[in-house]
Amino acid sequence: MSVRHDHGVMPETVERANDPRIADYVGLSDPDLRRRVEADRGFFIAEGPVVIRTLVTTSLRVRSLLLTPHQRAALADVIDRVDAPVYVVAPEVMRHTVGFDLHRGAVAAVDRYPLLPLETVIEGATRIAMLERVNDHENLGALFRNAAAFGIDAVLLCPQCSDPLYRRSVRVSAGHVLTVPWTRATPWPDAIERVRALGFTVVALTPRRDAVLINTVLINTVLINTVPNAGRIAVLVGAEGPGLTAPALAAATIPVRIPMAEGVDSLNVAVAAAVSFAHFAPPGRLR
């Protein structure tokens, strides 16, 4: 058992990769193993000191921290705020445990949490993102980071989107997967109609030439004057490559495209979403 002192939990030194105390961290580089282990035990992994600093500002329950001596010193103030075991291992033990050279030297195991209903997550929101079949973990993490940067209040994911709490997504998001509210939007694409019924204009990003140019969609003139309830906007984006499905496009309020130079037909989904988030940001939200 970890011992508490006046400034939090006393770190414990672990000397073997097969120590059962750090079983949550075994084989982080094996995605199949991780999905099984994390599903069975109901937790996810947060990697890196930046993510861990964000983690401790949330209400999420930390199961434990695994740190190298260097990160133990660097995260001393974080350790003082964590009511969970803190395990310190040499870099070679960290490497043998997780299955690769974890340069950041800091990981946390965190309990998963039940997802809230769509209506609860977007209650009071004015800007949300809706994602369809975004199944690349790095793109998903980047989307969450962009959502946080441009004032998106919540993210809704179709059932085919990847898990935002997968280690790589959490890391690429710089921890914003842990701060931007999100849930699964089911059934899909019926959920798009539900979002519209709640007062959102659903703006669907597409490279189709007949779509409206995003730079001609002005929040305070064209859109609000021509589309009901345009004060609440949902930006709908699809997977890298195939883009949005026909049913999703049909369910949206308006198709919109980003103007690009000749010879370039599309952008990375996270980049396209960022352009749109910035364009549709409400006045005064960004500084």
Applying side chain to side chain contact (heavy atoms under 4.5 Å, CB included), run through Asp32 and Arg35 and close with a yes or a no.
-> CA-CA 5 Å; Asp32 291 333; Arg35 290 187 185 97; 3.5 Å; yes

Derivation and outcome, side chain to side chain contact (heavy atoms under 4.5 Å, CB included), residues Val195 and Val202 | CA-CA 8 Å; Val195 168; Val202 179; 4.2 Å; yes

Check the pair Val107, Leu65 against side chain to side chain contact (heavy atoms under 4.5 Å, CB included), reporting the backbone distance first and the verdict last.
-> CA-CA 6 Å; Val107 280; Leu65 294 177; over 6 Å; no

Where do Ile45 and Val170 land on the side chain to side chain contact (heavy atoms under 4.5 Å, CB included) test, with the steps shown first?
-> CA-CA 8 Å; Ile45 295 294; Val170 178; over 6 Å; no

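Residues Val203 and Thr201 are in side-chain contact: their nearest non-hydrogen atoms beyond the backbone lie under 4.5 Å apart. At least one side-chain heavy atom of Leu75 sits less than 4.5 Å from a side-chain heavy atom of Leu67. Thr97 has its side chain out of reach of Val89: every pair of non-hydrogen atoms, C-beta onward, lies at least 4.5 Å apart. Counting heavy atoms from C-beta outward, Arg104 and Arg171 have side chains that approach closer than 4.5 Å. Residues Arg16 and Val93 are not in side-chain contact: their nearest non-hydrogen atoms beyond the backbone lie 4.5 Å or more apart. The closest side-chain heavy-atom distance from Glu240 to Asp136 is not below 4.5 Å. Contact of the Val155 side chain with the Leu143 side chain is not registered, since no non-hydrogen atoms from C-beta on lie closer than 4.5 Å. Looking at Leu205 and Val269, their side chains never come closer than 4.5 Å, going by heavy atoms from C-beta outward.
Looking at every heavy atom in both residues, Ile214 comes nearest to Ile258 through CG2-CA, 4.0 Å. The minimum heavy-atom distance linking Phe200 with Ala125 is given by the pair CZ-O, 3.5 Å. Heavy atoms only, all atoms of each residue included: Val88 and Pro11 are closest at CG2-CB, 3.8 Å. Closest non-hydrogen pair, Asp24 versus Arg63, comes out as OD2-NE, 2.9 Å. Val26 and Leu33 get closest at one heavy-atom pair: O-CD2, 4.0 Å. In this structure, Thr186 and Arg194 approach most closely via the heavy-atom pair O-NH1, 2.6 Å.
Grouping the Ile, Leu, Val, Met, Phe, Trp and Tyr side chains by contacts below 4.5 angstrom, directly or via other members, places Val50 apart from Leu66. In the hydrophobic cluster analysis, where Ile, Leu, Val, Met, Phe, Trp and Tyr join through side-chain heavy atoms closer than 4.5 angstrom, Val172 is grouped apart from Ile52. Leu213 and Leu249 fall into different hydrophobic clusters, defined by Ile, Leu, Val, Met, Phe, Trp and Tyr side-chain heavy atoms under 4.5 Å apart, directly or through other members.
Residues His137 and Tyr166 bring their aromatic ring centres within 6.0 Å.
Judged by distance alone, with hydrogens and angles left aside, the side-chain atoms of Arg232 form a donor-acceptor pair with the main-chain N or O of Leu198 at under 3.5 Å. At distances below 3.5 Å, at least one donor-acceptor pair connects side-chain atoms of Asp153 with backbone N or O atoms of Arg127. Judged by distance alone, with hydrogens and angles left aside, the side-chain atoms of Thr58 form no donor-acceptor pair with the main-chain N or O of Thr54 at under 3.5 Å. With Thr183 contributing its side chain and Leu116 its backbone, the two residues share a donor-acceptor pair below 3.5 Å. Checked by atom type and distance alone, the side chain of His279 never pairs as donor or acceptor with a backbone atom of Val275 at under 3.5 Å.
Between Asp77 and Arg53 a salt bridge is recorded (basic side-chain N to carboxylate O distance below 4.0 Å). Taking the charged nitrogens against the carboxylate oxygens, Glu47 and Arg168 have no contact shorter than 4.0 Å, which rules out a salt bridge.
With Phe44 as the aromatic partner, Arg112 does not meet the cation-pi criteria of under 6.0 angstrom to the ring centre and within 45 degrees of the ring axis.
A donor-acceptor pair shorter than 3.5 Å can be found between the side chains of Thr126 and Arg285. Side-chain polar atoms of Thr253 and Arg196 form a donor-acceptor pair below 3.5 angstrom. Of the N and O atoms on the side chains of Thr245 and Glu132, at least one donor lies less than 3.5 Å from an acceptor on the other residue. In summary, the side chains of Thr13 and Tyr87 do not present any donor paired with an acceptor at a separation below 3.5 Å, with no hydrogens or angles considered.
The CG atom of Asn146 sits 9.5 Å away from atom NE2 of His176, with the distance rounded to the nearest 0.5 Å. In this structure, CG in Leu165 is found 12.0 Å from CZ in Phe43, a value given to the nearest 0.5 Å. Atom CG of Leu156 sits about 11.0 Å away from atom CZ of Arg184, to the nearest 0.5 Å. Between the CG atom of Asn215 and the CZ atom of Arg257 there is a distance of 9.0 Å, given to the nearest 0.5 Å. Atom CZ of Arg21 is separated from atom OG of Ser64 by 11.0 Å, given to the nearest 0.5 angstrom. To the nearest 0.5 Å, atom CG of residue Asp101 and atom CE of residue Met94 are 10.0 Å apart.
Other residues, nucleotides and ligands contribute over 12 non-hydrogen atoms within 6.0 Å of the CD atom of Glu92.
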